Amino acid sequence: MSSLVTRVKLKQIEQLIAKGKRLDGRGIGDYREIKIEQGLIEKAEGSARVLLGKTEVLVGTKIETGEPFPDTPNEGVLTVNAELVPLASPSFEPGPPDENSIELARIVDRGIRESKAIATEKLCIEPGKNVFVVFVDVYVLNHDGNLIDASALAAVAALLNTKMPNYEVEDGEVKIKTGYTTLPLKSRPITVTLGKINGNLIVDPWLEEEQVMDSRISMAINEEGNICAIQKGGSGYFTPQQILEAKNIAIEKAAELRKKLGW
Amino acid sequence: MPTFFEKKQVVTPGELLAEGDYLAGENTYMEEKKIYASRIGLADLDNKRVNVVALRAFYVPKVGDIVIGTVKEVGFNGWTVDIKAPYTALLRASDVLSRPFKPQNDELSQVLNAGDLIVAKIASYDRAHDPQLTVGEPGLGKITRGQIMQVTPTKIPRVIGRKGSMISMIKQETGCQIILGLNGVILITGKSPEYEELAMMAIKKIEEESHTSGLTDRITQLLKEEKAKLEEK
Amino acid sequence: MNEKPEKLIDKKGCRLDGRKADELRPLKLEVGVLANADGSAYIEHGKNKILAAVFGPREMHPKHLSLPDRMVIRCRYHMAPFSVQERKSPAPSRREVELSKVIRESLEPSLFVELYPRTGIDLFIEVLQADGGTRCASITAASLAIADAGIPMRDLVAACAAGKVDDTVVVDLFDLEDKLGVADVPLALMPNLNAVTLLQMDGILTPEEFEQAVNMAMEGCKKIYAMQKEALKNKYMAIKEEVEEE
């Protein structure tokens with residue numbers, strides 16, 4: 001909210017939202033068009049590309065073997081990383097991950113982890129020693145707002161598309177055999193992000209709205225309509241009433257998307 | 001249309017002070033006809049204006065303020081000066097030399113060098129530009145002797161006292177010259193270091209006890225006692 | 001590590017550390033504890049021990065990071081290597097980077113950033129000992145440090161978590177409850193403005209449980225807010241009383 005240009009735009013956006021409309025023609029509760037394409041990277045164990053309006057995110061998954069965490073010796077490991085690739089926006093710079101990409105990765109991670117989407121107990125090879133590690137790498141290819149929802153969708157879509165290598169253990173060594181099974185999944189969480197502009201909540205903020213909104217809230221919702229992760233972001237605040245309203249909208253929108261996607 | 005505080009009550013940021021037909025004064029803000037404190041301090045009502053006398057604040061430059069600063073850097077046409085504010089001040093070479101500045105002849109570090117102390121006046125300052133200083137008035141310029149101390153800038157009015165009563169009492173009792181920088185930096189020059197320290201002790205005590213009553217009397221008493229001890233030696 | 005306990009709440013509704021569901025851990029707050037900082041505070045919240053310090057507003061270094069129309073806030077949340085059971089590497093982890101960001105964003109709404117353009121404040125938080133709920137305790141302490149620095153604020157920010165342990169919604173989870181519990185909802189509040197400035201959650205809650213947790217966390221924040229005000233006033237009242245006793 002720092003330049004004069006955006007102040008003019010803020011006014012324009014605010015006036016529209018007060019009338020229940022948005023700059024790109026959507027209603028305040030509408031998502032942009034969502035397109036999902038799976039399995040487009042052959043060398044990855046799983047992959048998916050999500051288009052959320054013009055926002056484009058590609059997720060690839062890799063499966064390797066490694067050590068489990070000491071406190072969960074019988075469970076596989078999930079590792080999520082996010083790259084804000086410089087070609088996706090003039091505001092992204094090459095270099096080590098900044099706080100925005102780390103936050104994005106951790107929000108995606110929490111949605112999958114807390115909903116127990118991956119049956120990690122089925123990824124154990126040898127308790128305490130050897131388990132499967134699922135790497136989820138989020139690649140933002142075009143930034144037009146709401147990277148969180150696009151990335152969360154792409155991550156789950158990629159996991160749905162992920163092939164598990166067949167293996168056998170011989171003398172304590174893991175041998176990868178030919179053929180694949182699917183990655184065991186238990187849940188398909190959907191993350192819904194709302195922006196707050198001048199006291200109004202809008203669903204799926206796009207870039208211009210993100211530049212003027214004072215805060216956002218993201219909620220991951222599972223099949224039962226329960227909440228499994230939340231993150232507030234931005235330098236503004238929400239009233240308690242707005243939080244409860246956001247919760248209701250998120251649950252409703254997640255159910256709507258779930259139906260549309262057949263998840 | 002009530003107020004929600006007793007006179008001189010200590011209030012904290014966010015505390016609701018008044019509602020309705022009041023004006024938001026110093027260290028307060030208004031939101032939807034309600035006035036809240038924005039700093040820890042003592043609440044006070046002056047007609048319809050609600051003020052908080054801050055117990056903690058930092059110096060923000062104002063045009064016309066006398067400040068004491070430290071030269072940080074010698075630039076190619078002036079100096080940057082630390083005035084204990086969020087912004088570094090600038091002093092132009094032409095202001096000190098009172099004539100056009102010639103880079104080939106003038107060696108600025110011989111006039112003022114990094115580490116030098118100056119008494120100066122804020123000549124200009126706004127949101128977009130760093131404060132500019134001037135030393136072109138009597139009593140301003142480089143400091144060559146004396147002792148420097150720093151107090152919270154909000155305490156300077158208390159050190160001055162009502163109509164200057166406190167500061168003139170300290171000057172009289174200690175025989176020191178005292179220059180109060182509104183940025184909280186104070187210069188004390190006396191006939192000997194002992195008297196300078198006496199004045200510093202008094203000012204320190206004022207800073208610590210600024211929000212208590214009967215302070216002038218207590219400080220006078222203290223100075224008289226300490227001076228008597230000093231003179232016995 | 002201790003063996004995982006069977007139950008985190010006994011039949012009488014008592015938690016492992018003896019608290020009731022809606023009871024906070026003991027809290028101690030102290031303002032102005034560091035001589036070199038412009039403002040500082042120390043918090044002991046249960047076994048959490050955290051220092052917060054503020055420098056500024058001052059010129060930004062490097063200068064190009066400053067903004068023409070507002071003050072920039074930088075925040076570093078950091079855990080001491082000895083603050084947890086297993087030594088934590090002093091290099092900033094991804095968790096610390098994220099927490100630094102959400103803590104900063106929880107405090108920003110309390111500041112009038114437009115008042116001091118082209119400047120910045122630096123907020124340093126050092127967790128000396130961690131026992132669950134360090135982000136909330138950090139926010140509570142950092143807000144006091146900002147007030148102590150004399151930086152104008154809309155309100156103090158108080159923070160407290162609620163969550164679900166076994167089948168019960170409880171307030172202010174300690175480490176073991178956080179690790180073995182069902183869900184954790186950290187929340188920060190500016191109580192006088194009724195504004196929630198931090199909200200996160202992990203674990204699974206029904207919409208009803210979530211609402212209950214939010215209310216419980218807000219009640220906790222209000223109790224902590226009262227203690228924050230006391231701590232701030234205490235620093236200055238101490239001098240006043242000393243003088244009056246003479």
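Letters A, B, ... mirror the listed sequences (proteins, then strands); counts begin at 1. None of the values given here were measured: they were computed from a predicted structure.
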Legend entry - Contacting region of B:Glu31 [heavy-atom separation from chain C under 4.5 Å]: side chain
Inset, instruction - Check C:Lys233 against B:Val10 and note the closest heavy-atom contact, atom names and distance. - result: CE-O, 3.2 Å
Legend entry - Neighbour count above 12 (heavy atom, 6.0 Å) for B:Glu225 CD: yes
Inset, instruction - Output the option from B:Leu16, B:Val11, B:Asp130, B:Thr154 having the highest count of non-hydrogen pairs under 4.5 Å with chain C. - result: B:Asp130
Legend entry - Spacing of B:Asp82 atom CG and C:Glu59 atom CD [to the nearest 0.5 Å]: 9.0 Å
Inset, instruction - Assess whether atom CD of B:Glu26 is packed by more than 12 heavy atoms of other residues, nucleotides or ligands within 6.0 Å. - result: no
Legend entry - Heavy-atom pair with the smallest gap, counting every atom of B:Tyr87 and C:Pro117: OH-O, 2.7 Å
Inset, instruction - Count the heavy atoms of every other residue, nucleotide or ligand shown that sit under 6.0 Å from NZ of C:Lys223, and state whether that count exceeds 12. - result: yes
Inset, instruction - Under 4.5 Å, counting heavy-atom pairs only, tell me which of B:Lys34, B:Arg127, B:Glu15 racks up the most with chain C. - result: B:Arg127
Inset, instruction - State, with a plain yes or no, whether a side-chain heavy atom of B:Pro13 is found less than 4.5 Å away from one of C:Ile151. - result: no
Inset, instruction - Let me know if C:Ile121 has heavy atoms under 4.5 Å from chain B in its side chain, its backbone, both or neither. - result: neither
Legend entry - B:Tyr29 versus chain C, the contacting section by heavy-atom distance below 4.5 Å: side chain
Legend entry - Over all atoms of both residues, closest heavy-atom pair of C:Asp155 and B:Gly14: OD1-CA, 3.4 Å
Legend entry - Close contacts, residues 55-70 of chain B versus chain C, judged by heavy atoms under 4.5 Å: B:Leu55, B:Arg56, B:Ala57, B:Phe58, B:Val60
Inset, instruction - Please flag which part of C:Asp38 lies under 4.5 Å from any non-hydrogen atom of chain B: side chain, backbone, both or neither. - result: backbone
Legend entry - Heavy-atom proximity to chain C below 4.5 Å, by part of B:Ile40: side chain
